Amino acid sequence: MAKKWYVVWRGRVPGVYDAWDAARAQVEGYPNAAYKSFTSEAEALAAFAAGDAHTAAQQTRAALPPKVRTGYAVDAALSSADGLMFYRCVRIADGVEIFRHGPFPDATNNIGEFLAIVDALRWLTARADRSPVFTDSNNAILWVAHAHCATRLPRTANNDALFARIAEAERWLMETPYCNAVLKWRTDLWGENPADFGRK
RNA sequence: ACAU
DNA sequence: AAATGT
Ligand SMILES: [Mn+2]
Ligand SMILES: [Mn+2]
């Protein structure tokens, strides 16, 4: 193997290291570590100076447990300005977006987290793909397990489509024996969910 | 308290 | 700082 340099943007002591052993000590077991290898020292120093954590994302994913890397991640968000809800799913291995739905007015975070999981299960089931689905929402895991969305959100003139989607999701869960595990995304260990919408 |  | 949930 040719010599490499290692940039650690987020780790115990951020910096540029000239050996994997040294870099690894900064990064292993560190929540949301961001790091990447380079083939020249100049490249590495430039990348560290630029604080380019985006290029680090791909490398950081490689540090996830192999079982996690084979899965899909979902997340939901309410845009702070207008309160519109969106949810989406990404393939963890490469961050490619599988679907994104929204905007939904008069919604909640938890409804979004719930629908995101169910839509992912439906997408995977339709393709006979048994990969696990990761969510950061304990609440949504429970709702999916019970095939019931226990939201307290009132119905309004603007959320008919949302409640229709919830009913359809519950119906699908009750009728369909899917074979995917729905697992907790360990934000504490692995950092932000790759399906996260950013801006938090 | 825990998770969003 | 506020809201959604078990
Ligand atoms: Mn989330
Ligand atoms: Mn998020």
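In what follows, chains are A, B, ... by sequence order, proteins preceding strands, each numbered from 1. Since the model is a prediction, treat every value here as computed from it, not as a measurement.
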Please confirm whether the backbone N or O of A/D18 pairs with a side-chain atom of A/K3, one donor and one acceptor, at under 3.5 Å? yes

note: A/N110, atom CG; C/dT4, atom P; distance rounded to Å ~ 9 Å

Requested in this report: Answer with base, sugar-phosphate or nothing: what part of the nucleic acid does A/A150 contact at a heavy-atom distance below 4.0 Å?
Outcome: sugar-phosphate

Please confirm whether the shortest side-chain N or O distance from A/R152 to OP1 or OP2 of C/dT6 is below 4.0 Å. yes

- Side-chain donor-acceptor pair present, A/S131, A/D129, cut-off under 3.5 Å: yes

Atom CG of A/L153 and atom P of B/rU4 are separated, to the nearest Å, by 21 Å

- Query: Is any side-chain nitrogen or oxygen of A/T108 closer than 4.0 Å to OP1 or OP2 of C/dG5?
  - Reply: yes

Between CG of A/D106 and P of C/dA3 the distance, given in whole Å, is 16 Å

Are more than 12 heavy atoms from other residues, nucleotides or ligands located less than 6.0 Å from atom CZ of A/R130?
no

**Prompt:** Looking at B/rU4, does its base get a donor-acceptor pair with the side chain of A/N109 below 3.5 Å?
**Reply:** yes

- Tell me whether the OP1 or OP2 atom of C/dT6 has a side-chain N or O from A/W143 closer than 4.0 Å. yes

| message | Check the phosphate of B/rU4 against A/T135, side-chain N and O only, distance under 4.0 Å to OP1 or OP2. Yes or no? | response | no

Residues passing the ring pair (Phe, Tyr, Trp, His ring centres under 6.0 Å) test with A/H148, sequence neighbours excluded, are none

A/D21 meets the side-chain hydrogen bond (donor to acceptor under 3.5 Å, both in side chains) criterion, sequence neighbours left out, with none

Rounded to whole Å, CG of A/N138 lies from P of C/dT4 at a distance of 18 Å

The nucleotide from C/dT6, B/rU4, B/rC2 with an atom nearest the side chain of A/T187 is B/rU4

Here the distance between atom P of B/rA3 and atom CH2 of A/W190, to the nearest Å, is 14 Å

With salt bridge (charged side-chain N to carboxylate O under 4.0 Å, His left out) as the criterion, how do A/R165 and A/D119 come out once you've worked through the C-alpha distance, each side chain's angles and the decisive distance to 0.1 Å? CA-CA 10 Å; A/R165 225 176 237 253; A/D119 278 15; 3.5 Å; yes

Checklist entry - If we ignore angles and hydrogens, is there a donor and acceptor under 3.5 Å between the side chains of A/D136 and A/T187? => result no

Note to self: On the nucleotide B/rU4, are OP1 or OP2 found under 4.0 Å from the side-chain N or O atoms that A/K184 carries?
What the structure shows: yes

Residues in residues 76-92 of chain A with a heavy atom under 4.0 Å of RNA chain B, by number, are none

Rounded to whole Å, the CD-P distance (A/E113 to C/dG5) equals 11 Å

When rounded to whole Å, the CZ to P distance for the pair A/F114 and B/rU4 reads 19 Å

Separation of B/rC2 atom P from A/W185 atom CH2, nearest Å, is 21 Å

